[in-house]
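Presented below is the structure to which this report refers.
Heavy-atom basis, side chains included; hydrogens, waters and symmetry copies ignored.
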Amino acid sequence: MATPENPLRGLDPDQREAVLHESGPLLLVAGAGSGKTRAIVSRIVRLVRDGVPPDRILGITFTNRAAEEMRERVASALYAGSSPGTGEGRDLPWLGTFHAFGARLLRRFGGRIGLSPGFVIYDARDQFDLVRQILKEKNVDEKKFSASRFLGRIERTKRDGEGSSVLREAGGWAFAGKAEEVRIAYDDALSAAGAVDFADLIRLPVRLFREHPGILEAVRGEIRHLLVDEFQDVDAGQAELSRGIGLGAESFLAVGDEDQSIYGWRGGSAGPMLSFERDYPGGRVLHLRTNYRTRAAILSAAGEVIRKNRSRREKRIEAAREGGDPPVVRQYEDSDDEAAGVAGAVAEQIRKGASPSSIAVFYRVNAQSRPVEDALRQAGIPYILRGALSFYDRAAVRDAIACLRWFVHPDDPVSFARLVKAPRRGVGEVTLARAREAARAAGTPFSAELVKIPRLAGLLEFRDRWAAGLPARKVGEALHAALDGSGYLAWIGDGDGSGTEERSGNGKEDSRENLQELLRIANLFPGSGEEAVCAFLERISLSPGEEEEGGEAVRLMTMHNAKGLEFETVYLAGLEEGLLPHSRSADSESEVEEERRLFYVGLTRARERAFLSFARRRSLFGAFRDTVLSRFLTEIPPSMVRWHVGTSRTPRGFARSGTAAPWRAPAIVPAAEPSPARPRLVRHPMFGDGVVEAVEGSGDDRKITARFPGYGRKKILVRAVRMEILY
DNA sequence: CACACCAGTGTTTTT
DNA sequence: CACTGGTGTG
Ligand SMILES: Nc1ncnc2c1ncn2[C@@H]1O[C@H](COP(=O)(O)OP(=O)(O)OP(=O)(O)O)[C@@H](O)[C@H]1O
């Protein structure tokens with residue numbers, strides 16, 4: 001193992017070309033599982049081997065986790081054999097997301113646009129709190145226009161520039177006018193607080209490059225080789241950053257697959273891939289044509305579905321791994337039944353020797369994880385959730401972070417607003433609002449106003465002492481001291497079990513545990529002083545909850561989260577109209593196409609087996625509704641899929657027994673298009689063609705809920721209107 | 001200003 | 001159904 005691996009090993013000729021590519025821009029276009037990411041890793045290794053100093057290389061990934069994985073792969077290829085475990089100080093290229101890279105640029109150069117290097121990064125919750133605060137100050141009725149609606153618009157505007165939102169928003173002038181006002185107040189509040197949001201992490205570096213050519217030159221001087229993964233989902237700003245750096249670099253490799261562009265709702269677009277040769281004069285485009293991951297039987301089914309997208313260039317891809325079992329479709333009674341069925345099938349795979357971590361369950365929305373979690377837990381199968389519902393969203397953890405954040409950054413009113421509420425210290429909304437207003441009016445920092453509030457004297461004094469002692473403190477110590485001095489630890493009960501055991505009980509108990517966990521994480525964080533604390537806070541804002549490795553556990557995640565991963569066996573649950581495609585993404589053809597890509601991404605994560613399922617009834621807001629199976633299921637040619645929809649009821653006893661009780665394979669129904677028991681597509685005399693989302697009642701009382709492009713969702717009493725059933 | 005309770009409310013997807 | 005924010009009272 002002491003001999004470093006040849007970076008060209010395990011690559012096909014096309015990949016090799018990308019890896020050996022000498023100079024200039026190169027776009028690698030290829031379907032799922034064709035080894036694009038491997039090509040990036042190998043290229044980085046090759047560059048370093050050829051003597052390029054690692055810090056001249058910048059690699060952009062879509063998630064922090066992907067960056068971490070890439071870092072490991074590069075490190076092990078480069079330094080395998082040479083004293084393992086000490087990888088820390090190793091020379092490795094900088095790998096991370098556009099946002100993390102943007103943050104890094106802003107820490108260095110932000111001063112040029114008036115940003116202090118210690119800026120805070122607001123996450124979704126902070127943004128939300130801030131917008132609500134502004135709405136309150138401006139007397140905007142949230143019932144009429146919700147904070148999230150404002151926030152959505154603010155983000156779009158910040159991302160795509162002004163004008164873009166106006167066109168897309170159907171809210172009328174009243175909203176448009178207010179929205180602009182709120183947006184400006186929001187941005188003012190951010191800069192007053194010395195804070196940035198996620199959009200800023202892209203937008204401000206773009207501005208830096210545009211307005212300060214010297215900075216762009218400096219960055220170009222450093223980054224000689226740029227590599228960007230998942231290029232099909234970059235937003236306009238990210239494309240501009242790529243271009244700014246890429247054009248000045250010795251080489252630029254972008255890789256992507258248009259069919260996996262699934263973040264359009266966030267501004268992501270495959271546009272920059274399509275216009276690559278125009279944007280990068282002298283740029284070349286290279287294709288990979290072999291899928292090394294997915295069995296032919298699954299890949300061809302996925303391929304047939306994705307072909308239904310009209311706005312798409314056909315590309316050829318061949319499965320290196322022939323044969324295999326076609327995807328299996330299973331029908332269940334309801335979501336619990338489905339979850340139990342999935343758990344049963346998972347148990348069966350494990351019993352046959354599969355490793356739990358080689359199995360994944362994908363769904364469209366996070367809420368779907370719940371029944372699946374319950375069923376897995378009952379069956380005694382270990383699992384971990386990947387993505388959302390993070391540890392860092394827990395109230396106590398947010399409190400603690402807000403506390404630490406305010407301690408290093410006393411001008412941040414959003415953090416302070418949390419801190420001042422826990423524990424209560426006789427200062428409320430009114431006093432705070434007054435202080436914010438005074439600061440704004442006088443143009444003074446927020447903290448200067450806090451000094452004037454008598455009740456805060458103790459807290460402020462403590463903070464000064466804390467700040468004085470900070471340079472010598474490690475992150476964990478600094479956090480602990482802040483929590484202690486702010487009274488938070490005492491308020492929550494410091495968990496020594498001594499004295500005051502609250503009877504309100506488990507809420508505080510949980511909080512204490514979460515706090516312990518946070519302290520543990522903070523203690524592991526390297527470095528000391530303000531810089532380390534800021535780095536810690538930044539890490540938490542940019543990649544919350546990515547430390548859990550998971551070990552031997554089944555992976556549960558949304559299809560969005562599944563991007564870039566691979567598993568032996570995948571389960572796609574909840575394949576129903578309204579869920580996939582999601583009812584809120586079914587208005588336009590382009591939205592439906594993105595949903596179709598999501599399905600494609602999910603299916604192409606599988607190496608060996610894919611199980612697709614839907615429930616006939618699903619509860620929404622507590623009430624059960626009948627469902628209609630996803631159109632994407634019926635788009636798979638019948639010969640390429642196995643419909644097991646007959647007796648797929650889970651033996652009820654299974655879950656309770658907790659062991660791998662007999663799981664009867666459902667009867668195999670000959671491959672055939674299921675005749676829809678209920679209508680899927682209807683034509684209404686007024687609303688036109690609509691996709692049926694649910695059917696209730698029967699006979700004369702039958703009501704159909706359908707979504708009509710341009711009209712939205714309508715519930716129609718069948719007997720009341722002459723409606724044609726198209727399918 | 002703090003706390004308790006109740007009603008209304010809402011579900012995409014995430015850096 | 002589960003949550004959270006608003007409301008009313010001490
Ligand atoms: N030349 C090759 N020969 C054999 N296996 C390969 C080769 N290149 C890549 N692989 C394997 O194929 C699988 C897919 O590779 P990789 O993840 O790099 O593909 P990708 O194009 O990035 O996929 P996706 O776009 O679907 O995320 C991995 O298991 C990888 O190890």
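Residue contacts shown for A/Phe98 are absent, as no nucleic acid heavy atom lies under 4.0 Å away.
A search for ring pair (Phe, Tyr, Trp, His ring centres under 6.0 Å) contacts involving A/Phe416 returns A/Trp406, A/Phe446, not counting sequence neighbours. Looking at residues two or more places apart in sequence or on another chain, you find no side-chain hydrogen bond (donor to acceptor under 3.5 Å, both in side chains) involving A/Ser191. Taking A/Asp399 as the reference, A/Arg418 meet the salt bridge (charged side-chain N to carboxylate O under 4.0 Å, His left out) condition, with sequence neighbours excluded. Applying the side chain to side chain contact (heavy atoms under 4.5 Å, CB included) criterion to A/Ala302, with sequence neighbours excluded, gives A/Tyr600, A/Leu603, A/Thr604.
Below 30°, between 30° and 60°, or above 60°: for A/Phe198 and A/His99 the angle between ring planes is above 60°, a perpendicular geometry.
Both A/Gln238 and A/Glu595 lie near DNA chain B, and the one whose nearest nucleotide falls closer to the 5' end is A/Glu595. Residues A/Ala100 and A/Arg364 both approach DNA chain B. Their nearest nucleotides, taken by heavy-atom distance, put A/Arg364 toward the 5′ side.
Distance A/Lys563 NZ to B/dT15 P: 11 Å, rounded to the nearest Å. Atom CE in A/Met557 sits roughly 13 Å away from atom P in B/dT15 (whole-Å rounding). For the pair A/Leu620 CG and B/dG10 P, the computed distance is 13 Å after rounding to whole Å. Straight-line distance from the CZ atom of A/Arg597 to the C1' atom of B/dT12: 16 Å, rounded to whole Å. One atom, CD of A/Glu155, and another, C1' of B/dT15, lie 10 Å apart when rounded to the nearest Å. What separates CD1 of A/Ile60 from C1' of B/dT15 is a distance of 12 Å, to the nearest Å. Remark: C1' of B/dT15 and CZ of A/Arg386 are 14 Å apart, rounded to the nearest angstrom. Distance CD1 (A/Ile262) to P (B/dT14): 9 Å, rounded to an integer number of Å.
At least one test fails for A/Arg605 against the ring of A/Phe362: distance under 6.0 Å to the centre or angle within 45° of the axis.
Look at A/Asp259 and A/Arg312 and you find a salt bridge, because one of the NZ, NE, NH1 or NH2 atoms lies within 4.0 Å of a carboxylate O, short of that distance. Look at A/Glu635 and A/Arg596 and you find a salt bridge, because one of the NZ, NE, NH1 or NH2 atoms lies within 4.0 Å of a carboxylate O, short of that distance. Under the 4.0 Å criterion applied to side-chain N and carboxylate O atoms, A/Arg631 and A/Glu577 are assigned as salt-bridge partners. With salt bridges taken as basic N to acidic carboxylate O contacts below 4.0 Å, one links A/Arg364 and A/Glu595. A salt bridge is absent between A/Glu333 and A/Arg617; no separation between the charged side-chain nitrogens and carboxylate oxygens falls under 4.0 Å.
Side-chain N/O atoms of A/Ser585 and base N/O atoms of B/dT12 include a donor-acceptor pair closer than 3.5 Å.
At least one side-chain nitrogen or oxygen of A/Asn366 sits closer than 4.0 Å to the OP1 or OP2 atom of B/dT13. Note on A/Asn64: every side-chain N or O is 4.0 Å or more away from OP1 and OP2 of B/dT14. Note on A/Arg266: every side-chain N or O is 4.0 Å or more away from OP1 and OP2 of B/dT14.
Relative to the side chain of A/Arg584, the nucleotides B/dT12, B/dT15, B/dT13 differ in distance, and B/dT12 lies closest. Checked against B/dT14, B/dT15, B/dT11, the side chain of A/Thr558 finds its nearest nucleotide in B/dT14.
C/dT4 and B/dT13: their C1' atoms are spaced 22 Å apart (whole Å). C/dG6 and B/dT11 have their P atoms separated by 15 Å, given to the nearest Å.
Stacking between A/Tyr263 and B/dT13 is absent: the ring centroid is not both under 5.5 Å from the six-membered base ring centre and under 30° in plane angle. Under the stacking criterion of a centre-to-centre distance below 5.5 angstrom and an interplanar angle below 30°, A/His99 is not stacked against the six-membered ring of B/dT15.
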Set out, line by line, the N/O atom pairs under 3.5 Å between protein and nucleotides 1-5 of chain C.
unit_1 : atom_1 : unit_2   : atom_2 : d
C/dG5  : O5'    : A/Arg132 : NH1    : 3.0

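For DNA chain B, if you chain together Watson-Crick or G-U pairs that step i with j, i+1 with j-1 and so on, the runs of at least three with distances under 3.5 Å are B:1-10 with C:1-10.
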